[in-house]
Amino acid sequence: MDLFVVKTKRKRADSQSESSGSKKFKSYEKSECNVIDFKKFRLENLSCDYGILYSKREADNLLKECEKILCYNEGKLAKICLFGKWHNIPRKQVAHGDEGLSYKFSGNSIPARPWLPLLENIRDDITRQTGYKFNFVLINRYKDGSDYMGEHKDDEKDLEADHPIASLSLGQARDFIFKHQDSRGKNSTRRDIPPLKLVLQHGGLLMMNYPTNSYWYHSLPCRKKLFNVRINMTFRKMVVK
DNA sequence: GAGTGGCCAAAAAC
DNA sequence: TGTTTTTGGCCACT
């Protein structure tokens with residue numbers, strides 16, 4: 001795979017210059033941050049940073065706690081409308097966040113349940129490490145390798161478009177595929193842009209920075225030979241109306 | 001031959 | 001008007 005990968009310590013000054021170097025970027029309120037040993041992934045209109053946020057022991061404890069306390073949506077909230085048909089989503093899902101926030105996609109609106117102390121702790125750990133603040137988390141639970149998520153972009157209007165999305169993985173390591181929007185489908189115009197595959201590890205944190213979600217689809221494909229649970233938390237900054 | 005994974009199209013609501 | 005967080009069919013590979 002032809003990647004431009006730079007292993008470096010992320011500095012506060014770096015991240016600020018990234019977000020304030022262009023007038024297109026808002027200057028978000030950022031707090032002091034520690035530094036994870038992030039690997040940087042930079043492709044055409046793709047900017048992602050990936051590093052290990054929690055040790056195996058810490059991540060084990062978090063996963064165990066999540067399995068104990070999290071309750072997932074059922075009924076209509078666990079369905080999705082696509083091409084006029086309703087389907088059960090092939091995973092479990094729930095959202096927590098600030099009061100009044102919700103996440104809308106494909107015919108559904110996922111209301112945020114109140115923050116739980118465990119989720120607030122994780123959210124605050126990510127803020128300490130990255131400097132970014134979040135007001136919403138979408139949690140997906142994949143019971144094994146047969147649960148998955150299809151290609152999509154997180155570019156909903158409810159999201160602060162140029163704020164990073166922080167994705168924390170707990171449990172089973174899974175492939176995570178990025179595909180450029182112009183490299184997809186039979187009539188693609190940019191077949192020269194190869195997909196980017198990452199393996200998201202137990203305790204790993206993936207930062208998807210602007211403008212990745214405007215140009216790149218991502219997916220978590222089926223892996224039938226994997227049998228353990230994975231929980232993914234995507235911390236987001238929603239627009240407050 | 002079976003299992004798996006990648007690619008593509010569907011046909012209607014927003 | 002363009003898009004679609006799925007499903008299912010086809011095909012290639014192991």
Side-chain angles (χ1 to χ4, degrees), chain A residues 1-2 45-46 48 70 72-97 101-112 136-161 163-169 171-200 206 208 210-239 241:
Chain A
M1 201 181 302
D2 187 19
N45 289 315
L46 179 145
C48 291
L70 293 180
Y72 295 90
N73 292 332
E74 294 178 348
K76 185 173 181 288
L77 292 180
K79 293 176 185 294
I80 189 168
C81 186
L82 204 64
F83 297 112
K85 289 182 182 173
W86 285 90
H87 305 277
N88 292 319
I89 58 173
R91 59 191 173 276
K92 292 199 170 195
Q93 196 171 62
V94 69
H96 290 262
L101 294 179
S102 65
Y103 185 55
K104 298 175 185 64
F105 66 91
S106 296
N108 228 336
S109 177
I110 308 291
F136 188 92
V137 59
L138 182 67
I139 303 171
N140 282 289
R141 181 184 186 275
Y142 305 86
K143 68 179 187 304
D144 55 30
S146 64
D147 278 2
Y148 65 96
M149 176 141 44
E151 291 179 8
H152 70 284
K153 291 192 287 190
D154 288 324
D155 61 350
E156 285 72 24
K157 287 172 188 160
D158 294 335
L159 292 172
E160 294 270 11
H163 192 281
I165 293 174
S167 171
L168 174 70
S169 297
Q172 176 72 64
R174 293 283 295 264
D175 290 345
F176 190 73
I177 312 291
F178 283 100
K179 277 188 190 170
H180 192 280
Q181 61 182 11
D182 296 335
S183 73
R184 302 165 71 245
K186 204 172 61 175
N187 301 318
S188 64
T189 55
R190 295 296 308 275
R191 284 185 187 270
D192 59 304
I193 305 177
L196 168 64
K197 183 176 97 170
L198 303 179
V199 180
L200 302 183
L206 176 68
M208 289 185 276
Y210 181 83
T212 307
N213 265 305
S214 301
Y215 294 91
W216 290 74
Y217 287 73
H218 55 266
S219 64
L220 191 94
C222 273
R223 292 292 181 259
K224 299 282 186 186
K225 292 172 185 170
L226 301 178
F227 300 103
N228 293 321
V229 170
R230 172 177 186 262
I231 290 177
N232 177 247
M233 300 180 180
T234 49
F235 290 85
R236 300 148 189 265
K237 183 72 181 294
M238 308 287 288
V239 176
K241 291 163 187 169

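When reading the values below, keep in mind they use all heavy atoms of this one structure, side chains included, and skip hydrogens, waters and symmetry mates. Residue numbers begin at 1 in each chain, while the letters A, B, ... track the order of the sequences.
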Q.
For Watson-Crick and G-U wobble pairs within 3.5 Å on both distances, what is DNA chain B written in dot-bracket notation, | included for inter-strand pairing?
A. .|||||||||.|||
Q.
Using a 4.0 Å cut-off on heavy atoms, which residues in residues 84-92 of chain A reach DNA chain C? List them by number, or say none.
A. A:H87, A:N88, A:P90, A:R91
Between [N] atom [atom2] and [X] atom [atom1], what is the distance in whole Å?
X: A:D147; N: C:dT6; atom1: CG; atom2: C1'; value: 13 Å
X: A:R184; N: C:dG2; atom1: CZ; atom2: P; value: 16 Å
X: A:K153; N: C:dT6; atom1: NZ; atom2: P; value: 16 Å
X: A:F83; N: C:dT3; atom1: CZ; atom2: C1'; value: 8 Å

Distances under 3.5 Å only, N/O to N/O: pair up the protein atoms with those of nucleotides 9-14 of chain C.
none

Scan the side chains in residues 78-87 of chain A for donor-acceptor partners under 3.5 Å anywhere in the protein, sequence neighbours excluded, and list what turns up.
{"unit_1": "A:K79", "atom_1": "NZ", "unit_2": "A:N88", "atom_2": "OD1", "d": "2.7"}

Q: Determine the minimum heavy-atom distance between A:L198 and A:L206, stating which atoms define it.
A: CD1-CD1, 3.7 Å
Q: Ignoring hydrogens and angles, state whether a donor on the side chain of A:N232 or A:S167 is under 3.5 Å from an acceptor on the partner side chain.
A: yes
Q. Mind checking which nucleotides bracket the chain A contacts on DNA chain B, 5' to 3', with an atom under 4.0 Å from a heavy atom?
A. B:dT4 to B:dA12
Q. Under 4.0 angstrom, heavy atoms only, what part of the nucleic acid is A:K179 near: base, sugar-phosphate, or nothing?
A. sugar-phosphate
**Q.** With A:H180 via ring pair (Phe, Tyr, Trp, His ring centres under 6.0 Å) - residues at least two apart
**A.** A:W216
